[in-house]
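Accompanying notes for the structure given below.
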Amino acid sequence: MSSFVEVDHVDQVFPLPNGLKYIALKNITLDITKGEFITLLGHSGCGKSTLLNIIAGLNTPTQGGVVLEGRQVTKPGPDRMVVFQNYSLLPWLTVRENIALAVNRVMKDLPAEERKDIIERHIDLVKLRPAANKKPGQLSGGMKQRVAIARALSIRPKLLLLDEPFGALDALTRSSLQDQLMQIADEYQLTCIMVTHDVDEALLLSDRIVMLTNGPESYVGQILEVPFVRPRDRLKVVNHSNYYALRSEIVYFLNQQKKAKQRKVGQTAVIARNGLEKVNLELGFVPLTDCAPLIIAKEKGFFQKHGLEDVTLSREPSWKAISEGVASKRLDAAQMTAGMPLAMTLGMGGKAPLPTVTGLVLSRNGNAITFSKQLYDAGVRTLADFKHAIAQTPDKIHTLAVVHPSSMHNLLLRHWLASGGIDPDTDVSLTVIPPAQMVATLKAGSIDGFCAGEPWNSHAVQEGLGFVVATDFNIWPGHLEKVLGVREDWANQYPNTHLALVKALLEACEYCDDRRNREELATLLSRPEYVGAKLEYLRPGLVDPYRRSLDSEPENLPRFNQFYVDQTNCPYRTEGLWIMTQFARWGLTPFPKNWVDVLDRVRRVDVFGEAARELGLLDIEPNRGLVHFADGSVFNPDDPVGYLNGLAIKRELRIEEVAIDALVAATV
Ligand SMILES: Nc1ncnc2c1ncn2[C@@H]1O[C@H](COP(=O)(O)OP(=O)(O)OP(=O)(O)O)[C@@H](O)[C@H]1O
């Protein structure tokens with residue numbers, strides 16, 4: 001993606017009259033491509049207009065900057081036109097004269113005839129010919145805003161900035177202007193950044209919705225990709241099967257922000273008690289069967305038992321929200337994908353490295369690769385069939401979804417495809433979608449398959465939308481899946497709390513794997529505040545035999561979701577090492593030359609060992625040895641670089657020293 005606009009680590013601090021300061025924006029980074037429509041969304045006062053004004057050059061940021069097509073923005077300019085909510089027209093000039101004023105000022109070198117032509121074309125563009133000689137006082141609000149848009153567009157800006165442009169209009173005028181703006185943006189291939197409070201407006205118009213957290217120190221809390229194809233049609237958009245999932249993701253984010261604000265108001269200072277440095281914790285989880293240990297620890301009193309008196313569970317919409325929640329300290333700790341602590345520590349995805357640790361594996365197995373019914377109908381049943389189908393349809397790009405780059409789903413799917421001679425980066429297209437949106441996205445036909453955890457594979461199968469082409473028993477039986485993740489500085493600040501948390505969750509894991517408790521587990525998980533899926537979708541991973549398709553016999557997969565038995569819980573370094581080889585294999589991070597130090601730092605076997613000892617669990621294996629894959633390949637942890645070199649399908653390898661001593665958690 002080449003950047004057209006780069007917002008680079010922007011902070012905005014305002015001096016206050018009492019000599020204090022207000023930090024409105026903190027470390028805002030955003031890359032925008034040419035032709036993109038971006039919306040800035042967030043609660044009132046979160047800093048949307050401040051950010052827009054910085055991009056416009058109307059405000060100078062305290063830190064960082066904005067670059068437009070390679071040039072630093074230092075002041076306002078005709079290449080960035082802003083349309084405000086209050087129209088800002090000159091009341092003594094007509095529609096034509098208002099537009100002409102801008103054109104004659106900015107394009108003064110053009111011949112008069114050409115300028116006149118531009119003015120008249122823009123009057124027509126916004127359908128204001130009958131009102132061309134009227135003054136603003138004789139126009140409705142909608143008409144005034146159309147003049148403001150025409151005036152902004154008439155001087156051909158590179159970037160159109162809109163600050164709640166339709167905020168003052170009635171609903172009907174608003175929708176008609178949204179339609180016009182959508183049409184103009186498509187026709188002119190405009191790059192737009194718009195501030196709005198309106199979730200539906202954002203979904204209708206944007207390619208990406210950038211959601212800001214509440215201030216002070218607002219930052220980009222989440223970016224939502226809006227996958228509807230252009231040109232868009234209002235009715236088709238709202239009837240799209242993904243529409244309500246996306247809408248509820250935005251509403252969820254806004255509600256979380258509201259709750260966070262309420263919490264800040266009665267801000268719970270750190271409460272130290274019971275020999276623990278902090279007993280009030282906010283823990284993040286993603287709605288999936290394998291969030292079970294957190295739910296059980298809360299519902300069955302394991303947190304309380306270990307002195308953690310006030311634990312709140314926060315249901316997060318995506319793995320991205322989890323990593324950002326932990327990075328920003330909104331969350332004390334979270335259920336994480338197996339690779340997330342390593343990915344955060346190594347700074348995957350261009351992020352600043354943030355040392356993050358895990359002292360507990362929460363689950364193993366429980367994943368599957370589901371392919372669409374269309375692939376099933378085309379005769380695909382195996383990996384080899386899929387390779388054949390790709391070869392037979394050279395014009396089609398098969399899109400498969402995973403839940404996060406650092407997740408086992410991404411790494412297992414890539415390993416599986418590569419083992420069948422399919423390059424996951426060139427023969428298919430991989431995309432990232434939160435787990436709870438997989439089924440709706442498959443149903444909408446936007447993807448051909450996905451790799452995710454339960455209950456989403458069973459949901460797709462039982463709805464007849466697809467079939468399970470492979471489970472993790474066909475890739476890496478017994479692989480690690482989810483872990484407990486915390487920032488390293490948090491672990492250092494609250495060591496006894498960290499230990500108590502690991503102990504509470506380890507006991508919860510044991511409870512989850514007792515067959516007698518599984519029915520209760522499935523029922524608890526089905527509750528809307530937890531996974532919120534139908535019981536019949538949750539049962540196959542936990543109590544029922546597993547069904548790969550509606551046509552196949554159910555299979556007995558022992559411990560499809562595994563939480564405790566067979567040495568589930570130790571954060572073995574060998575497995576972390578395999579994950580790092582895969583990050584390097586697929587170009588996600590360099591392979592650290594000093595991998596021993598990185599593993600020591602991230603995979604906190606010591607914390608796990610202490611928790612296990614204190615709980616009297618003495619049969620813990622200190623090592624896991626070689627990793628055996630279902631395709632017959634073996635990972636030997638003694639020679640990770642040799643392993644990487646021996647892999648046939650891979651990206652160019654980068655092997656670099658990670659300056660581990662310099663990795664100090666930045667205050668985010
Ligand atoms: N010049 C200033 N001096 C001090 N504080 C300011 C200044 N400008 C903005 N702020 C504060 O910065 C924060 C962000 O303001 P901003 O107007 O960008 O928010 P917003 O998200 O656009 O709000 P709304 O949706 O209500 O328009 C607010 O708390 C505001 O009070």
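Just follow the structure's listing: the first ligand is 1, and inside any ligand the first atom is 1.
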**Q.** salt_bridge(Asp207, Arg230) N-O dist < 4.0 Å
**A.** yes

Q: Report yes or no: does a heavy atom of Gln12 sit under 4.0 Å from some atom of ligand 1?
A: no

Q) Any N/O of Phe14 closer than 3.5 Å to an N/O of ligand 1? A) no

Q | Any Gly42 heavy atom less than 4.0 Å from ligand 1 | A | no

Q: Identify the protein heavy atom lying closest to atom 17 (O) of ligand 1, giving its residue, its atom name and the separation to 0.1 Å.
A: Ser49 CB, 3.9 Å

Q: Mark up the atoms of ligand 1 that fall under 4.0 Å of a heavy atom belonging to His197, in ascending order.
A: 25 (O)

Q: Around atom 27 (O) of ligand 1, find the nearest protein heavy atom and jot down its residue, atom name and distance.
A: Glu164 OE2, 3.8 Å

Q.
Determine whether any protein heavy atom is located less than 4.0 Å from atom 31 (O) of ligand 1.
A. no

Q: Can you label the angle between the His240 ring and the Phe228 ring as parallel, tilted or perpendicular, going by 30° and 60°?
A: tilted

Q: Write out the residue and atom name of the closest protein heavy atom to atom 28 (C) of ligand 1, then the distance separating them to 0.1 Å.
A: Gly45 O, 3.5 Å

Q.
Any donor-acceptor pair under 3.5 Å linking the side-chain atoms of Thr337 with those of Ser406?
A. yes

Q. With Leu212, which of Val195, Leu41, Val220 fulfils side chain to side chain contact (heavy atoms under 4.5 Å, CB included)?
A. Val220

Q: Check each atom of ligand 1 against the heavy atoms of Ala24 and keep those under 4.0 Å away; list them by number with element.
A: 12 (O)

Q) So which protein heavy atom does atom 26 (O) of ligand 1 come closest to, and at what separation? A) Ser44 OG, 2.5 Å

Q: With Thr213 as reference, evaluate Ser218, Ser328, Cys46 under the side chain to side chain contact (heavy atoms under 4.5 Å, CB included) test and give the passing residue.
A: Ser218

(Q) Would Gly215 count as a contact residue for ligand 1, given that I'm defining contact as a non-hydrogen atom of the residue lying under 4.0 Å from a ligand atom? (A) no

Q) Can you list the ligand 1 atoms lying under 4.0 Å from a non-hydrogen atom of Gly47? A) 14 (C), 16 (P), 18 (O), 19 (O), 20 (P), 21 (O)

**Q.** Cationic N near anionic O, under 4.0 Å, Arg330 to Glu282
**A.** no

Q.
Any nitrogen or oxygen of Leu16, side chain or backbone, less than 3.5 Å from one on ligand 1?
A. no

Q.
Any carboxylate oxygen within less than 4.0 angstrom of a Lys/Arg side-chain nitrogen, looking at Glu120 and Arg129?
A. yes

(Q) Any carboxylate oxygen within less than 4.0 angstrom of a Lys/Arg side-chain nitrogen, looking at Asp79 and Arg71? (A) no

Q. So is Cys46 polar-close to ligand 1, meaning N/O to N/O under 3.5 Å?
A. yes

Q | Identity and distance of the protein heavy atom lying nearest atom 15 (O) of ligand 1 | A | Thr50 OG1, 3.6 Å

Q.
Pair Met194, Glu201 - check side-chain contact (heavy atoms from CB on, under 4.5 Å), show working.
A. CA-CA 10 Å; Met194 181 177 76; Glu201 180 169 280; 3.7 Å; yes

Q.
When you compare the side chains of Glu164 and Thr196, does any donor N or O come within less than 3.5 Å of an acceptor on the partner?
A. no

